[in-house]
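Data first, discussion second: the structure below is written as structure tokens.
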Amino acid sequence: MKADPKGVLTGEHYLDGDHACTEGALAAGCRFFAGYPITPSTEVAERFSARIPHVGGIFIQMEDELGSMAAVVGASWGGKKSMTVTSGPGFSLMMENIGLAAMMETPCVIVNVQRGGPSTGLPTMVGQSDMMQARWGSHGDYEIIAISPASPQEAFDYSIKCFNLAEKYRVPVMFMMDECVGHMTEKVVIPNPDQIDVEPRRLTKKSPKDYLPYEPNEDLVPDMIVAGDGYRIHSTGLTHDERGYPAMKPEVQEKLVHRLVDKISKNADKIIELEEDQTDDADVIVMAYGITSRVTMPAIFKARKKGIKVGFIKMITVWPFPEKRVRELAKKVKAFVMPEINLGQVALELERVVSGKAGVHHIPHAGGWVHDPEDIYKVIVEAAK
Amino acid sequence: MKKNAGNVPEHPMENLLRMDRIPHIWCSTCGIGTAVSCFIQALQNFDYPLDKIAVVSGIGCSGRIAGYIKLDSFHTTHGRAIPFATGLKLANPELKVIVFSGDGDLVSIGGNHLIHAARRNMDITVFCVNNFIYAMTGGQCAPTTPTDANSSTSPYGNFDHPFNIPLLVGSCGATYVARWTALHIRRLTRSMQEALEKPGFSFVEIIAPCSTLYARRNRLGTGLDLMKFYHDNSVIQHGAPLESLDIQFQKKIIVGKFIDKKRPTFLEAWDQYLGKKLGDKFISAEKGIRAA
Amino acid sequence: MQYWRKPLDADRIQIPHGEIHIVRDRCKGCGFCVEYCPKDVLELSSQFNIKGYHPPEAVNADACVHCQLCELLCPEFAIFVTLKEEEQTVEG
């Protein structure tokens with residue numbers, strides 16, 4: 001399916017990441033936004049509130065992030081692609097209903113323009129320290145998808161990808177931006193609507209009589225309905241059977257939770273997107289995401305000039321983690337290097353996957369500013385020894 | 001009329017109940033079932049296509065209501081039924097969205113959503129079963145527990161002051177506010193129907209017996225004894241000043257319809273205001289594309 | 001019930017009669033219907049249902065006037081009344 005032209009602002013623009021993210025959402029067909037203002041994400045909400053009356057849809061500023069996330073889940077069942085945007089403290093409040101979205105298998109997008117934490121932390125300054133919260137923030141076992149952009153153009157492009165993946169896998173997708181990308185202004189090219197692929201909702205073709213709301217297809221994802229279409233379904237945050245009815249039994253729990261996890265992990269190859277550069281004969285591979293992937297570039301160029309064989313993986317998708325590819329590479333390389341603006345979050349996953357087959361050098365940064373490329377360079381040199 | 005086994009005709013409410021889930025979980029002499037029965041009667045009287053009606057509940061004994069109603073129904077998180085319903089309604093304005101939940105869910109953990117939905121005049125109908133206690137978790141004190149009443153977390157009696165719910169929602173701008181007990185079945189049914197027909201934020205409080213926890217802990221007998229108490233102690237006073245609607249432990253309960261007024265709903269205001277400001281450039285929410 | 005005077009249309013009004021249906025095994029024995037039946041049609045039976053409650057029985061079935069109060073009051077959807085077909089609510 002191609003994008004609805006009403007939402008696509010085709011042309012060349014000079015936008016910051018937050019504004020570009022909004023344009024991506026509108027291009028992807030998002031027509032419902034519920035949110036609560038929080039720095040440094042507010043510009044996404046501001047632009048949505050200005051644009052949506054011209055596109056057809058709803059912007060509602062909710063009373064808090066708890067309500068925002070609940071409204072997003074409700075709106076998705078009402079048949080609109082829906083999103084919210086927040087930063088650290090608000091992200092914490094949203095976790096409850098992110099769990100509901102995962103349990104009810106509700107397509108939706110949560111944008112987190114990350115700032116320094118914990119707590120109120122550094123409201124106006126960069127961080128990447130919500131990455132583990134994105135993965136594990138709500139209680140219980142479930143999987144989500146998380147994507148990180150490194151520029152305003154990517155904020156536009158991958159915002160669309162977030163919506164498409166949310167629809168395809170009926171899962172909350174986290175768009176893990178950071179303050180730097182959110183507030184960085186660059187050229188953004190928005191293509192024609194007919195060049196933008198948009199994933200439609202996977203609505204069932206079955207009649208209400210034959211339809212079971214949580215009967216999975218081969219890809220482990222069930223088909224959906226829109227409330228009001230006559231299916232009279234029940235959906236609950238309780239453990240439920242394929243009819244959607246509460247069924248508090250260990251065997252039902254086993255089946256449901258495994259499927260919620262498997263529908264992402266078993267489709268990981270189709271979901272994961274990486275940009276690889278000179279990884280084939282590398283001794284050292286640097287992995288990074290978001291703004292840090294850009295900060296890393298001068299360090300890599302410098303190391304290559306010095307004759308070190310450095311490969312680079314820019315992670316577009318952070319969750320699910322690219323386990324398969326990292327395992328392959330771990331057999332061949334000396335070490336991985338991972339800078340991130342936290343004290344070691346995605347690096348933990350990297351360590352787990354590499355599991356001693358190569359070195360893992362983490363470059364921590366507590367936030368507030370990006371890494372000094374020189375610090376990354378030094379670790380690359382160390383790792384190559 | 002369809003025949004059941006044993007040649008008994010089908011119960012007239014079965015078309016709106018998920019019969020494969022009946023019997024429900026509520027205790028003997030609990031009043032929630034009666035509130036649901038009145039709701040189904042009101043739905044049958046309400047002239048609206050049933051496929052376009054959705055029920056949303058939160059968590060708790062009353063949170064289970066959505067699961068028994070054979071309409072599009074959602075059992076959400078604790079306190080979040082109203083914002084969920086807000087999203088559902090705004091995304092699909094042709095839906096009639098009903099929030100049916102309990103006092104702890106709507107007034108305590110969901111209190112902020114309740115007052116803001118009333119303020120916005122969000123076009124949803126809220127039915128709040130008030131049994132004065134957190135029943136699902138075992139009888140803890142709620143913000144509706146009357147002063148002096150006993151609960152498992154106020155074992156020496158409640159020293160705290162409860163909410164006057166009609167005053168709360170009325171002062172925030174609800175367009176329809178009524179209170180009945182589970183014994184006022186005819187009036188409650190009519191009131192529910194009026195609330196369903198009312199555009200904007202309509203609210204009905206239903207005082208209902210909790211036999212297992214509230215009645216037992218307070219030595220008030222069974223739910224039937226509470227019904228008898230309602231019979232002897234409720235006073236119908238339509239249009240009573242909201243300030244007079246406080247509920248005191250085992251004292252008279254004022255019931256009736258207190259507010260029935262008109263003001264623009266959230267969606268009407270959205271369309272009218274933005275339509276005026278933006279003129280031809282404005283595209284109303286309904287014209288926004290569906291996800292497919 | 002005694003009327004202090006006879007309604008003028010008393011000879012033209014036919015009181016409807018209802019047929020009571022009890023889904024015995026759905027009942028949880030709350031007694032609401034027994035207590036509030038305006039014609040005292042119902043009593044709790046001495047027998048147990050499948051859940052161990054005493055469901056009501058119509059001990060005075062002929063007195064039922066099809067007011068359906070029990071139907072609306074029952075929290076279990078376990079009792080309902082149908083209009084006896086030979087009867088008509090109002091004549092004339």
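Chain letters run A, B, ... following the sequence lines, proteins first, then strands; residues in each count from 1.
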Without hydrogens or angle criteria, can the side chains of T204(A) and Y231(A) be said to hold a donor-acceptor pair below 3.5 Å? no

Looking at E242(A) and K255(A), is there a salt bridge between them, counting it only when a charged N and a carboxylate O are closer than 4.0 Å? yes

Contacts under 3.5 angstrom, residues 58-68 of chain A side chains, donor-acceptor by atom type, not counting sequence neighbours:
residue, atom, partner, partner atom, Å
E63(A), OE1, R120(B), NH1, 2.9
E63(A), OE1, R120(B), NH2, 2.8
E63(A), OE2, H113(B), ND1, 2.8
D64(A), OD1, L66(A), N, 3.2
D64(A), OD1, G67(A), N, 2.7
D64(A), OD2, N112(B), ND2, 3.2
S68(A), OG, D64(A), O, 2.7

I'd like to know whether F203(B) forms a ring pair (Phe, Tyr, Trp, His ring centres under 6.0 Å) with Y176(B), so could you lay out the CA-CA distance, the side-chain angles of the two residues, the decisive distance to 0.1 Å, and finally the verdict. CA-CA 6 Å; F203(B) 186 92; Y176(B) 184 97; 9.9 Å; no

Given D223(A), which partner from the list L212(A), N217(A), L203(A) fulfils the side-chain contact (heavy atoms from CB on, under 4.5 Å) test? N217(A)

For K249(A), which residues count as a salt bridge (Lys or Arg N to Asp or Glu O under 4.0 Å) partner, sequence neighbours excluded? none

Please classify the contact of L50(B) with chain A as side chain, backbone, both or neither, using a heavy-atom distance under 4.5 Å. both

Ion pair check, R31(A) and E286(B), cut-off under 4.0 Å: no

Among K6(A), H234(A), H54(A), M69(A), residue most engaged with chain B (heavy-atom pairs, under 4.5 Å): H234(A)

Which answer fits R21(B), side chain, backbone, both or neither, if we ask what part of it has an atom under 4.5 Å from a heavy atom of chain A? side chain

K263(A) bridged to D219(A) by N-O distance under 4.0 Å: no

Taking the inter-plane angle between the rings of W26(B) and H24(B) on a 0 to 90° scale, is it parallel (under 30°), tilted (30 to 60°) or perpendicular (over 60°)? tilted

Do T86(A) and N112(A) have side-chain N/O donor and acceptor atoms under 3.5 Å apart? no

May I ask you to list the residues in residues 85-97 of chain B that approach chain A closer than 4.5 angstrom, counting heavy atoms only, ordered by number? T86(B), G87(B), L88(B), L90(B), A91(B), N92(B), L95(B)

Contacting region of S284(B) [heavy-atom separation from chain A under 4.5 Å]: backbone

Flag the pair R202(A) and E167(A) as a salt bridge only when some basic side-chain nitrogen lies within less than 4.0 angstrom of an acidic carboxylate oxygen. no

Checked P246(A), A34(A), G29(A) vs chain B; the most non-hydrogen pairs under 4.5 Å come from P246(A)

Mark yes or no: R18(B) above the aromatic ring of Y68(B), with NZ or CZ under 6.0 Å from the six-membered ring centre and no more than 45 degrees from the axis. no

Aromatic ring proximity, centroids under 6.0 angstrom, F39(B) and F100(B): yes

Where does V55(A) contact chain B at under 4.5 Å (heavy atoms): side chain, backbone, both or neither? backbone

Under 4.5 Å, counting heavy-atom pairs only, tell me which of R243(A), M103(A), M224(A), M104(A) racks up the most with chain B. M104(A)

Is there any residue in residues 101-109 of chain B with a non-hydrogen atom under 4.5 Å from a non-hydrogen atom of chain A, and which ones are they? none

